[in-house]
Amino acid sequence: MNYLKEVVILLLGPYLILLCRRVSGEQISGKGVINLAHRQSKWTPLMQTSANLSDITSIRSFFEFRTLDPEGAVFYGDTKEGQDWFVLSLRDGIPEMQIGKADILVSVKGGRKLNDGAWHLLEVRSEGKFVVLEVNNNVELIVGLHSKLAEDELKGKIRLALGGMLVDKQKLFHPFEPEMDACIRGGHWLNLSTPWDADSTWEHRHCFFEIKKGSFFPGTGVAIFNTSDLPGLKTEEAGITVEIFGSWTGTTLSLQSTGFEYVLRELEGNKDVTEVQLGLKEGSESVAPPHEPATLTFTILKHSLVVNSKPELETESLDFFSMWKNGMLLTFGGVPGDSEEAKNTHYLRGCLEKILVQGQVIDLDRALYKHTAVSSHCCPTETMNELNRDTRH
Ligand SMILES: *[C@@H]1O[C@H](CO)[C@@H](O)[C@H](O)[C@H]1NC(C)=O
Ligand SMILES: *[C@@H]1O[C@H](CO)[C@@H](O)[C@H](O)[C@H]1NC(C)=O
Ligand SMILES: *[C@@H]1O[C@H](CO)[C@@H](O)[C@H](O)[C@H]1NC(C)=O
């Protein structure tokens with residue numbers, strides 16, 4: 001009976017937590033350190049606030065911003081319930097502003113690259129018919145727009161949002177990938193002092209004290225790609241190559257398709273390489289010593305899988321090239337659908353500084369699924385032990 005109770009609690013646990021979160025609708029100060037990454041929804045802003053236009057005393061917002069991510073949504077504002085809107089984003093690391101007002105749609109990009117991992121002071125202000133972006137106290141972009149149809153009335157509400165938009169993405173003039181692995185601090189938003197409403201799925205996450213390039217896996221989540229979305233075969237002899245640079249332990253990657261599963265796992269201590277047949281599935285598991293800053297080259301040939309030039313699995317019954325083309329799951333950091341216990345012991349912990357598939361850099365923001373714990377564009381420079389301490393500042 002006790003066992004039954006445990007099962008029920010285990011099953012209900014996650015839903016109860018979810019329910020509590022939904023109901024609570026947390027509020028966040030706009031002045032603190034805000035991590036824009038780790039969200040469940042792509043376009044829904046991490047947080048939003050609104051004010052009566054008649055109460056606005058300053059049409060200026062400024063904040064410090066730090067990222068290594070080249071693309072994503074940063075700051076959004078609108079009036080008239082989204083009829084007039086503004087969004088500041090990054091593309092290729094460069095700031096881009098898009099504005100929709102009456103019958104006008106504008107997109108302007110320019111200035112220096114901001115995705116260098118350093119803190120930058122950004123200021124957005126409205127000067128009559130112009131919107132001005134300053135970076136580190138230098139004017140970088142000015143957008144002027146005028147419409148005979150637009151009436152300038154200072155009535156109604158203004159809404160602000162971070163890390164997403166409150167209008168449909170279809171309204172954008174120049175679509176972009178919204179996910180942004182970035183941190184904001186010291187924000188002043190139109191001189192408002194009211195707290196912001198957090199997205200219902202929001203979870204507090206620290207910003208790493210110092211960051212370096214890479215994708216950080218804390219040991220609790222994975223990133224899954226459909227191989228049909230990744231670069232394909234060039235020549236049969238060369239096969240398909242996945243190269244991973246970094247420093248990590250745990251499951252590096254896994255491949256799955258109907259009736260097949262392959263897991264490549266790096267474990268602490270020197271373990272012999274083992275091959276395991278997984279139930280009825282045809283597949284295998286490799287265990288190799290951990291990599292200190294290292295490169296792993298995983299090559300997929302028509303009938304075999306090769307790790308660092310060493311054949312790991314050979315099978316005449318499978319054609320990996322057509323499986324890749326038709327869509328296998330390629331998962332970095334674990335195995336999709338693993339039990340909690342397996343996750344705790346086997347999920348990747350560490351920093352994948354770079355992932356190349358057929359020589360092309362892979363952006364985890366474009367994965368089919370990415371767990372919210374995974375940082376797509378930055379790794380902490382601090383060690384795991386230091387990370388367990390509070391790094392808010
Ligand atoms: C905005 O104004 C309306 C009435 O005009 C008022 O009911 C509402 O509380 C105000 N909201 C804020 C955030 O001040
Ligand atoms: C910002 O708000 C403070 C207090 O609410 C006020 O004293 C100050 O004048 C405001 N600044 C601007 C630029 O409106
Ligand atoms: C992967 O892509 C293929 C081809 O586009 C598609 O048929 C398949 O359903 C996709 N798999 C998943 C899990 O999305």
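Start at 1 and go down the list; that is how both ligands and their atoms are numbered. In this text, all values refer to a predicted model and were calculated from it rather than measured experimentally.
Between K213 and E353, none of the side-chain N atoms (NZ, or NE/NH1/NH2) sits under 4.0 Å from a carboxylate O, so this pair counts as no salt bridge.
For the ring-ring contact (aromatic ring centres under 6.0 Å, His included) condition, the pairs that include at least one residue of residues 299-330, sequence neighbours left out, are F260-F320.
Of all protein heavy atoms, the one closest to atom 13 (C) of ligand 3 is L329 CD2, 4.0 Å. Considering only non-hydrogen protein atoms, atom 4 (C) of ligand 3 sits nearest to S228 OG, 3.5 Å.
Between F75 and F86, the ring planes lie perpendicular to each other; the angle is over 60°, past the 30° to 60° tilted range.
Which parts of ligand 3 touch N326 is read off a 4.0 Å heavy-atom cut-off, strictly below it: atoms 3 (C), 4 (C). Near N226, meaning under 4.0 Å from any of its heavy atoms, are these atoms of ligand 3: 1 (C), 2 (O), 3 (C), 8 (C), 10 (C), 11 (N), 12 (C), 14 (O).
With ring centers used as reference points, F62 lies under 6.0 Å from H188.
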Output side-chain donor-acceptor pairs under 3.5 Å for residues 235-243, partner residues at least two apart or in another chain, one line each.
{"residue": "T235", "atom": "OG1", "partner": "A238", "partner atom": "N", "Å": "3.2"}

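Within the 4.0 Å cut-off (strictly below), a protein heavy atom is located near atom 2 (O) of ligand 3.
Residue T227 places no heavy atom under 4.0 Å from ligand 3.
Put simply, the side chain of D116 gets close to the backbone of A118: a donor and an acceptor are under 3.5 Å apart.
Under 4.0 angstrom from ligand 3, there are no non-hydrogen atoms of D229.
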